[in-house]
Amino acid sequence: MDEITKLKQEAYALELIQQKFPNKEAVITEIMNLEAILHLPKATEHFVSDLHGEYPAFDHLLRNGSGNVKTKIQAVFGGRMTPASLQDFATLIYYPQDKLKDITLHLSPNQLEQWYLDTINHLLELLRFTATKYTRSKVRKALDPSFAYITEELLYTNAHEFDKRSYFDQLLKNLLNLKMADSFITATCYTIQRLVVDHLHVLGDIFDRGNQPDKIIDRLMHYHSVDIQWGNHDILWIGAASGSELCLLNLLRICARYNNLAVVEDAYGINLRHLATFAQEHYDDNPGFRPKLLEGDAFKFQGDQLQLTQIHQALAIMQFKLEKQVIDRQLDFAMENRLLLDKIDYQKQTITIEGHTYPLVNSCFGTVDAQKPYELLAEEKEIIRELVYSFRHSYRLRQHLDFIVRNGSMYLRYNGNLLVHGCVPVDKNGKFVTFHHKGHNYQGISLLNFFDSLIRQAYLNEASQDDQDLLWYLWQGPISPLFGKQAMTTFERYFIADKTTHQEIRTPYFELRKDYDFVCRLLQSFGLNPETGHVINGHTPVKRGHSGIMAQGKMLVIDGGYSKAYQKTTGRGGYTLLSNSYGLVLVSHHPFTSRKDAIQNDHDIISTTRVVNHETTRKLVADTDIGQQLQQKVDLLRSLLN
């Protein structure tokens, strides 16, 4: 920016500020207010990743702030409540409506009145403690509007002051006498939840094999402050709604594989009847395509397993056929090794890959013409056309994806840290790998910026064929920042028994991210301070016995197994991260049991915390991105004052 442009912008900003603060006193008051805010402690950030549609566990961790609510309760009441009472109080704050129903059923009227008085006083004391980081204005915005006045009166009135004691007591009595105690308690519990965590970061993969991604998005849409870094599974849904046929087939295939098509049909109202009928006519039972069930899962209706098995095969074959068109169109993708239908000897039922011949298993090639193996049947083309139309015109899906695209990005620089779901493609020496496309070269931050712009353009406008192809490339391309492997061996896993063909080799990034110097160079390339910054990563589950803290604490991996399918490998129910004024804390969680168990038996998620770094000087608002913005405003106001 040249000096003249900068001066013009500053003059314009001063003009706008002068309209809002017309006199000297107003300017001075605002300067005092902003500079005071800069000296408040930094608020808490909460990082989660790879939710994979597991709504109950995610919802619980939002309610308990990854254990932060209980930490606050222990700080206030540690010496005054038994462990059982502490947990009972914590459960009330997590699930106030459910807990209130249970309590009112088991206490006599006299016991209940005393319980209400004690509980409201305890909640006010905890609310007062959690509100100390914030201005009164911000606390007021966090309050339920129906109870804002009375909460402020109770919160900022000293109940032990002689002159106001009866005033305070009367407010409490009126809450009980007017039958408003339950509503007040519920509102206060949710205010505490909101103040315990100021901002939420979701590092990708809201969608996948879990069956309630729609509920997660509904929850996020009502959350007070959130950002999203897109994951590879999220891109399939964005791509499908942007018209990408391959993204659509991949996501439907995955849903069929994990008995999860109800998300498509029930949550988003997309009709799969034509697909199901076609699959029934052309495919039989096939052990290699039967849906995978987790322990405790079951089919709703007899015949579901067979129908899903047939649909699964139909989608896989259509996907393998259609990949030929994209790979032929996009020579820059360099993915010819993924075209395998023409490598099959359909009479011998074998396939030859790189000079090695393997027998085929789980064959289901009845709709494949051996002479023209990549040609779609007329009915397959019609099914794909209908499905693309349905995805593009599902109102609820569009609402959800609008939110994800609006609040999302390929990466985020936030308070000195780099947040990215997958990886930044590099070679074994740590040098950024170049993606060549249409005569342009992209690497490092320019590669992520290119795909960020592409996603917005493709989703918000009429996506071109090239845009749709690139969205699919993000799912499984060898230089995709969201994939991070040399190839996706989906075909081999279905049809070849030899597991050496199943290997999906990770890019060097995932080994190099353990190296302190590499992570520091990575931070620097994104314009961040390597001495104070961290890279926060999702995408790859941290296996049992391994740590999510790498590169001397500079790299933090927080995908620890929200998805039940990964929990045997990880031994955990997920990692989350908290960043507060004292530093960074990595939290490892045991698997979540159920909402019912949490409410009825006070069973919280057992969480283990590990301090990543402890700030020698407590961080203030002035040390954050928002603080820098406030300081710029202060500087402008001082210019106006002068």
Side-chain angles (χ1 to χ4, degrees), residues 47 49-50 201 203-205 229-232 235 332-335 337 409-437 440-454 470 473-488 503-543 546-560 575 577 584 586 612-613:
F47 301 79
S49 179
D50 296 85
H201 304 283
L203 273 75
D205 278 0
Q229 289 71 61
W230 301 313
N232 49 318
I235 288 302
D332 289 339
F333 288 4
M335 293 177 66
N337 64 342
S409 58
M410 281 293 294
Y411 69 95
L412 183 67
R413 292 173 290 198
Y414 196 97
N415 288 342
N417 298 315
L418 175 62
L419 284 59
V420 60
H421 171 77
C423 66
V424 181
V426 293
D427 63 18
K428 64 181 181 180
N429 297 314
K431 183 180 178 182
F432 293 130
V433 176
T434 301
F435 176 62
H436 307 280
H437 187 66
H440 298 281
N441 297 327
Y442 307 96
Q443 58 178 217
I445 191 171
S446 73
L447 177 65
L448 272 69
N449 285 337
F450 167 70
F451 280 123
D452 190 292
S453 177
L454 161 82
L470 284 163
Y473 184 87
L474 273 171
W475 164 246
Q476 67 175 80
I479 310 180
S480 163
L482 298 182
F483 179 45
K485 295 177 183 178
Q486 292 180 7
M488 188 178 288
Q503 292 181 2
E504 296 181 346
I505 301 170
R506 289 182 179 178
T507 59
Y509 169 88
F510 294 99
E511 187 61 32
L512 286 168
R513 68 180 179 178
K514 301 172 186 176
D515 182 77
Y516 176 84
D517 291 334
F518 169 75
V519 177
C520 287
R521 291 197 303 273
L522 184 62
L523 286 165
Q524 204 161 19
S525 73
F526 277 79
L528 297 169
N529 185 345
E531 292 184 11
T532 57
H534 306 79
V535 178
I536 303 169
N537 229 169
H539 189 49
T540 52
V542 180
K543 294 182 179 180
H546 293 252
S547 173
I549 303 174
M550 304 175 184
Q552 300 176 40
K554 285 291 173 187
M555 172 69 68
L556 303 169
V557 182
I558 60 169
D559 177 7
Y575 274 125
L577 184 72
L584 289 168
L586 189 68
V612 178
N613 76 310

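D452 places a side-chain N or O within donor-acceptor distance of the main-chain N or O of M410, the cut-off being under 3.5 Å. N529 places a side-chain N or O within donor-acceptor distance of the main-chain N or O of E531, the cut-off being under 3.5 Å. Side chain of K554 to main chain of P530: a donor-acceptor pair is present (N/O by atom type, distance under 3.5 Å, no hydrogens or angles). With hydrogens and angles disregarded, a donor-acceptor distance shorter than 3.5 Å links the side chain of D205 to the backbone of N232.
Between atom CG of residue L419 and atom CG of residue L203 there is a gap of 4.5 Å, rounded to the nearest 0.5 Å. Distance CG/N441 to NE2/H436: 5.0 Å, rounded to 0.5 Å. Residue S525 holds its OG atom at 10.0 Å from CD of Q443, rounded to the nearest 0.5 Å. Rounding to the nearest 0.5 Å gives a distance of 5.5 Å between CD1 of I235 and CG of L474. Between the CD atom of Q524 and the CG atom of L418 there is a distance of 13.0 Å, given to the nearest 0.5 Å. Summarising the geometry, atom CG belonging to L586 is positioned 5.0 Å from atom CD1 belonging to I549; distances are rounded to the nearest 0.5 Å.
When only modelled atom types and interatomic distance are considered, Y473 and D332 share no side-chain donor-acceptor pair under 3.5 Å. Looking only at atom types and distance, the side chain of D559 has no donor-acceptor partner in the side chain of H539 under 3.5 Å away.
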Please lay out, stage by stage, how F510 and T540 fare under the test side chain to side chain contact (heavy atoms under 4.5 Å, CB included).
CA-CA 9 Å; F510 294 99; T540 52; 3.7 Å; yes
As a quick check of understanding, evaluate side chain to side chain contact (heavy atoms under 4.5 Å, CB included) for V519 and M550, giving each step before the final call.
CA-CA 9 Å; V519 177; M550 304 175 184; over 6 Å; no
Start with the C-alpha gap between F450 and H440, add the side-chain angles, then the distance that decides, and say whether side chain to side chain contact (heavy atoms under 4.5 Å, CB included) holds.
CA-CA 10 Å; F450 167 70; H440 298 281; over 6 Å; no
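For the salt bridge (charged side-chain N to carboxylate O under 4.0 Å, His left out) condition, the pairs that include at least one residue of residues 505-515, sequence neighbours left out, are E511-K514.
Residues Y516 and A551 approach most closely at CD1-O, 3.5 Å, considering heavy atoms. For T434 against I479, the heavy-atom pair with the smallest separation is O-CD1, 3.5 Å. Of all heavy-atom pairs spanning C423 and T507, the tightest one is SG-OG1, 4.4 Å. When every heavy atom of N537 is checked against every heavy atom of H421, the shortest pair comes out as ND2-O, 3.3 Å. Across all non-hydrogen atoms, the minimal contact from E504 to A487 is CG-O, 3.5 Å. Residues G538 and S49 come closest through the heavy atom pair CA-OG, 3.3 Å.
By the 4.5 Å heavy-atom criterion applied to side chains, I445 and R413 are counted as neighbours. Taking 4.5 Å as the limit, every side-chain heavy atom of V420 sits out of range of all side-chain heavy atoms of P481. For the pair Y442 and L448, the minimum side-chain heavy-atom distance is 4.5 Å or more. Between K485 and P478, the closest side-chain pair of non-hydrogen atoms is not below 4.5 Å. No side-chain heavy atom of F526 sits under 4.5 Å from any side-chain heavy atom of N417.
The one candidate from Y411, F435, W475, F483 that meets the ring pair (Phe, Tyr, Trp, His ring centres under 6.0 Å) condition with F451 is F435.
Among residues two or more places apart in sequence or in another chain, the ring pair (Phe, Tyr, Trp, His ring centres under 6.0 Å) test is passed with H201 by F47, H199, Y414.
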